[in-house]
Peer 1: 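Attaching a single structure in structure tokens format; questions to follow.
For the numbers below, each heavy atom of this structure counts, side chains included, while hydrogens, waters and symmetry mates do not.
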Amino acid sequence: MELTAKQLAEIVKGEVVGDEGAKITNYAKIEEAHEGSLTFLANPKYTHYIYTTKASVVLVNKKFEPEKTISATLIKVEDPYATLAMLLNMVSAMQPQKKGIESPVYVSEGVEVPDDIYLGAFAYIGQNVKIGKNVKIYPQCYIGDNVTIGDNVLLYSGVKVYQGCEIKNNCIIHSGVVIGSDGFGFAPKDGSYEKIAQIGRVIIEEDVEIGANTTVDRATMGATVVKKGVKLDNLIQVAHNVEIGEHTVIAAQTGIAGSVKIGKHNMIGGQVGFAGHITIGDNNQIGAQSGIHANPGDGKVIIGSPAVDARMFMKQSAYLKRLGDMYNSIREIEKELNNLKK
């Protein structure tokens with residue numbers, strides 16, 4: 001779809017600086033854009049690209065003031081990144097939507113399949129499954145017995161949902177996700193390990209998105225709960241009886257041990273490890289590769305293993321870089337002291 005800068009500004013309620021007739025036919029990153037592209041500037045690290053980009057139109061913050069000449073037309077908005085997200089969602093909504101039931105599929109007797117469902121080939125629907133409106137289940141998905149799926153849920157190819165689990169409205173589950181596999185429960189016995197039956201379930205609340213190949217284990221008893229608005233990246237392990245609070249976001253390769261309770265509005269970097277049976281407060285920012293062994297409280301910025309305040313971590317890192325010089329200095333002092341003693 002072709003738009004002019006003026007038309008786009010009217011859609012996003014922005015201010016045009018430059019050629020109102022500049023035409024937009026595609027979207028691109030600021031460093032890769034060409035004529036006809038719409039791009040955006042949100043991260044200050046990319047500011048230098050705005051002076052060389054070949055994009056026709058760039059979304060920028062209302063406070064942005066160029067230091068040099070810019071060839072592109074600017075559209076000033078409150079939040080360029082959020083504005084771009086809105087536009088991309090509009091484009092995505094215009095794409096052709098999958099509909100109907102492909103063949104072959106297996107649907108257990110008595111399961112009511114809504115008229116507006118998309119059910120891809122080789123999908124399996126178990127007994128007593130409940131499926132809401134406008135659900136899309138892509139090929140090779142497995143939906144176990146007594147699973148409940150809400151409205152507007154999207155399950156991409158190869159998702160596995162074990163028995164008794166619940167996925168509420170407006171969730172997106174990407175390929176390879178496993179929801180409801182057994183928690184890692186084994187009791188030492190006579191030099192080996194006896195499996196502890198995992199009889200709980202998983203509850204995924206509204207507006208959750210789970211990235212590819214992430215696993216969410218069922219509870220030993222009760223429920224593992226991923227609360228409203230949570231966003232999980234690819235390759236995350238969520239263990240049994242974990243609770244992830246509302247609107248928390250977690251990056252790839254994070255591992256959350258059993259019975260951890262994570263509060264709301266936390267931002268968690270990649271490869272973070274959580275020790276079991278701890279509670280994490282609200283509104284924290286946790287840096288990549290951190291090791292979390294205790295509750296940091298609320299509103300903290302922490303990093304490291306074990307994790308400490310980010311400012312302290314930076315100081316410690318600076319000291320570590322100087323350890324070699326400090327060691328050599330101490331050796332020289334020891335030599336001088338020994339000489340004095342002699």
Peer 1: Would N284 and I302 satisfy side chain to side chain contact (heavy atoms under 4.5 Å, CB included), going step by step from the backbone distance to the final call?
Peer 2: CA-CA 8 Å; N284 294 297; I302 58 175; 5.8 Å; no
Peer 1: Measure the shortest side-chain to side-chain distance between V272 and I292 over non-hydrogen atoms and say whether it is less than 4.5 angstrom.
Peer 2: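 Heavy-atom side-chain distance check passes, below 4.5 Å.
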Peer 1: Does I333 offer a backbone N or O that forms a donor-acceptor pair with the side chain of E336 under 3.5 Å?
Peer 2: no
Peer 1: What is the distance from atom OG1 of T220 to atom CZ of F184, rounded to the nearest 0.5 Å?
Peer 2: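 Reported to 0.5 Å precision, the distance equals 12.0 Å.
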Peer 1: Using modelled atom types and a 3.5 Å cut-off, is there a donor and acceptor pairing between side-chain atoms of T53 and backbone atoms of A55?
Peer 2: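 Judged by distance alone, yes, a pair lies under 3.5 Å.
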Peer 1: Please report the shortest heavy-atom distance between A239 and G258, naming the atom on each side.
Peer 2: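 Looks like CB-N, 3.5 Å.
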Peer 1: Of the non-hydrogen atoms in K168 and V153, which two are nearest, and what is the gap between them?
Peer 2: O-CG2, 3.3 Å
Peer 1: Within a reach of under 6.0 Å around NZ of K54, are more than 12 heavy atoms found that belong to other residues, nucleotides or ligands?
Peer 2: no
Peer 1: Could you tell me which non-hydrogen atom of T254 sits nearest to which non-hydrogen atom of G269, and how far apart they are?
Peer 2: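 For T254 versus G269, the nearest heavy atoms are OG1-O, 3.1 Å.
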Peer 1: In terms of heavy-atom contacts, does NZ of K231 have more than 12 from other residues, nucleotides or ligands at under 6.0 Å?
Peer 2: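 Enclosed.
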Peer 1: Between Y106 and I131, is there a shared hydrophobic cluster once you connect ILVMFWY residues whose side-chain heavy atoms come closer than 4.5 Å?
Peer 2: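 No, no single cluster joins them.
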Peer 1: Can you find a heavy atom in the side chain of Q316 that is under 4.5 Å from one in the side chain of V308?
Peer 2: yes
Peer 1: Does either side chain, that of N146 or that of N128, offer a donor lying less than 3.5 Å from an acceptor on the other one?
Peer 2: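 Yes.
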Peer 1: Going by the angle between their ring planes, with limits at 30° and 60°, are Y142 and Y162 parallel, tilted or perpendicular?
Peer 2: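 Geometry flag for Y162 against Y142: perpendicular rings.
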Peer 1: Step by step, work out the side chain to side chain donor-acceptor pair (under 3.5 Å) result for N152 and N169.
Peer 2: CA-CA 6 Å; N152 306 309; N169 299 341; over 6 Å; no
Peer 1: With the side chain counted from C-beta on, respond yes when I179 and I167 share a heavy-atom pair under 4.5 Å apart, and no when they do not.
Peer 2: yes
Peer 1: Given the rule that I, L, V, M, F, W and Y join up when any side-chain heavy atoms are under 4.5 Å apart, are V58 and V17 in one cluster?
Peer 2: yes
Peer 1: Under 4.5 Å between any side-chain heavy atoms of P296 and I280, yes or no?
Peer 2: yes
Peer 1: For A28, does its backbone N or O pair with a side-chain atom of T39 as donor and acceptor, under 3.5 Å?
Peer 2: yes
Peer 1: Is there a continuous path of hydrophobic side-chain contacts, each under 4.5 Å between heavy atoms, that joins L3 to V12?
Peer 2: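 Linked, L3 and V12 end up in one cluster.
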Peer 1: Calculate, to the nearest 0.5 Å, the distance between atoms CD1 and CZ belonging to I50 and F64 respectively.
Peer 2: 4.0 Å
Peer 1: Looking only at heavy atoms, which two atoms of I203 and R201 are closest? And how far apart?
Peer 2: CD1-NH2, 3.4 Å
Peer 1: Does I244 share a hydrophobic cluster with V225, counting links as ILVMFWY side-chain heavy atoms below 4.5 Å and allowing steps through other members?
Peer 2: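 I244 and V225: separate clusters.
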Peer 1: Any side-chain to backbone donor/acceptor pair from S290 onto G304? Under 3.5 Å, distance only.
Peer 2: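 Between the backbone of G304 and the side chain of S290 there is a qualifying donor-acceptor contact (under 3.5 Å).
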Peer 1: Should we count OH of Y124 as having more than 12 external heavy atoms under 6.0 Å?
Peer 2: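 Enclosed.
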Peer 1: May I ask you to decide if T25's main-chain N or O and S37's side chain share a donor-acceptor pair within less than 3.5 Å?
Peer 2: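 No, the answer is negative, given that no donor and acceptor are paired below the 3.5 Å cut-off.
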Peer 1: Find out whether I210 and I204 are in side-chain contact, i.e. whether some heavy atom of one side chain is under 4.5 Å from a heavy atom of the other.
Peer 2: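 I210 vs I204: side chains touch.
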Peer 1: Are the side chains of L232 and V238 in contact, using a 4.5 Å heavy-atom criterion?
Peer 2: yes
Peer 1: Does the ring center of Y138 lie less than 6.0 Å from the ring center of Y118?
Peer 2: yes
Peer 1: Hydrophobic clustering (ILVMFWY, side-chain heavy atoms < 4.5 Å, transitive) - are L88 and M90 grouped together?
Peer 2: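 Yes.
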Peer 1: Would you kindly say whether Q237 and T215 are connected by a side-chain donor-acceptor distance under 3.5 Å?
Peer 2: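 Their side chains do contain a donor-acceptor pair, which is all the 3.5 Å distance test asks for.
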Peer 1: Side chains of T73 and D19 only: does a donor on one sit below 3.5 Å from an acceptor on the other?
Peer 2: no
Peer 1: Going by side-chain contact (heavy atoms from CB on, under 4.5 Å), Y156 matches just one of I173, V177, I137, I172. Which one?
Peer 2: I172
Peer 1: Counting heavy atoms not belonging to K264, are there more than 12 under 6.0 Å from its NZ?
Peer 2: no
Peer 1: Within this structure, what is the CG-CD1 distance for the pair L8 and I75, rounded to the nearest 0.5 Å?
Peer 2: 4.0 Å
Peer 1: Only one of Q198, K195, H240 forms a side-chain hydrogen bond (donor to acceptor under 3.5 Å, both in side chains) with D182, so which one is it?
Peer 2: K195
Peer 1: If only side-chain N and O atoms count, and only distance matters, is there a donor-acceptor pair under 3.5 Å linking N134 with K136?
Peer 2: yes
Peer 1: Test your reading of the model: is there a side-chain donor-acceptor pair from R218 to the backbone of G200, 3.5 Å cut-off?
Peer 2: yes
Peer 1: OG of S317 to NZ of K315: how many Å apart, nearest 0.5 Å?
Peer 2: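 That separation rounds to 12.5 Å.
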Peer 1: For G263, is there any backbone N or O sitting under 3.5 Å from a side-chain donor or acceptor partner on N266?
Peer 2: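 Yes: the side chain of N266 pairs with the backbone of G263.
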Peer 1: Can a donor-acceptor pair be found, under 3.5 Å and without considering hydrogens, that links the side chain of N241 to the backbone of M221?
Peer 2: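 Checking the backbone N and O of M221 against the side chain of N241, a donor-acceptor pair under 3.5 Å is found.
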Peer 1: Would you kindly say whether N61 and E78 are connected by a side-chain donor-acceptor distance under 3.5 Å?
Peer 2: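 N61 vs E78: no donor-acceptor pair found between side chains.
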Peer 1: For Q95 and V91, indicate whether the former's side chain and the latter's backbone hold a donor-acceptor pair under 3.5 Å.
Peer 2: yes
Peer 1: Using the benzene-type ring in the case of Trp, are the ring centres of Y49 and Y51 under 6.0 Å apart?
Peer 2: no
Peer 1: Which pair of heavy atoms, one from I236 and one from Q253, lies closest together, and at what distance?
Peer 2: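 Looks like CG1-N, 4.0 Å.
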Peer 1: For N295 and T279, test the side chains for any donor-to-acceptor distance below 3.5 angstrom and give the result as yes or no.
Peer 2: no
Peer 1: K227 and salt bridge (Lys or Arg N to Asp or Glu O under 4.0 Å): which partner among E206, E205, E246, E243?
Peer 2: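 Answer to the salt bridge (Lys or Arg N to Asp or Glu O under 4.0 Å) test with K227 among E206, E205, E246, E243: E243.
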Peer 1: Yes or no on side chain to side chain contact (heavy atoms under 4.5 Å, CB included) for L59 and L87, after CA distance, side-chain angles and deciding distance?
Peer 2: CA-CA 11 Å; L59 296 170; L87 293 171; 4.2 Å; yes
Peer 1: Might you confirm whether atom CE of M312 has over 12 heavy atoms from other residues, nucleotides or ligands at distances under 6.0 Å?
Peer 2: no
Peer 1: Are K76 and E15 ion-paired here, with the side-chain N under 4.0 Å from a carboxylate O?
Peer 2: no
Peer 1: Nearest 0.5 Å, please: how far is NZ in K335 from CG in N339?
Peer 2: 9.5 Å
Peer 1: Take atom CG in D115; do more than 12 heavy atoms of anything else shown fall under 6.0 Å from it?
Peer 2: no
Peer 1: Could you go through V60 and V77, starting from their C-alpha distance and side-chain angles, then the distance that decides it, and tell me whether this counts as side chain to side chain contact (heavy atoms under 4.5 Å, CB included)?
Peer 2: CA-CA 6 Å; V60 297; V77 293; over 6 Å; no
Peer 1: Do the side chains of D116 and K133 get nearer than 4.5 Å, heavy atoms only?
Peer 2: yes
Peer 1: Any heavy-atom pair between the side chains of H247 and H265 that's under 4.5 Å?
Peer 2: yes
Peer 1: Of all heavy-atom pairs between G291 and H293, which one has the smallest distance, and what is that distance?
Peer 2: O-ND1, 3.5 Å
Peer 1: Hey, could you give me the CE/CZ distance between M326 and R331, rounded to the nearest 0.5 Å?
Peer 2: 15.0 Å
Peer 1: With a 3.5 Å distance limit and no angle check, can you tell me whether D298 reaches the backbone of D282 through a side-chain donor-acceptor pair?
Peer 2: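 Checking the backbone N and O of D282 against the side chain of D298, a donor-acceptor pair under 3.5 Å is found.
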Peer 1: Could you check I101 against I117 for side chain to side chain contact (heavy atoms under 4.5 Å, CB included), going step by step and ending with a plain yes or no?
Peer 2: CA-CA 7 Å; I101 300 176; I117 196 172; 4.1 Å; yes
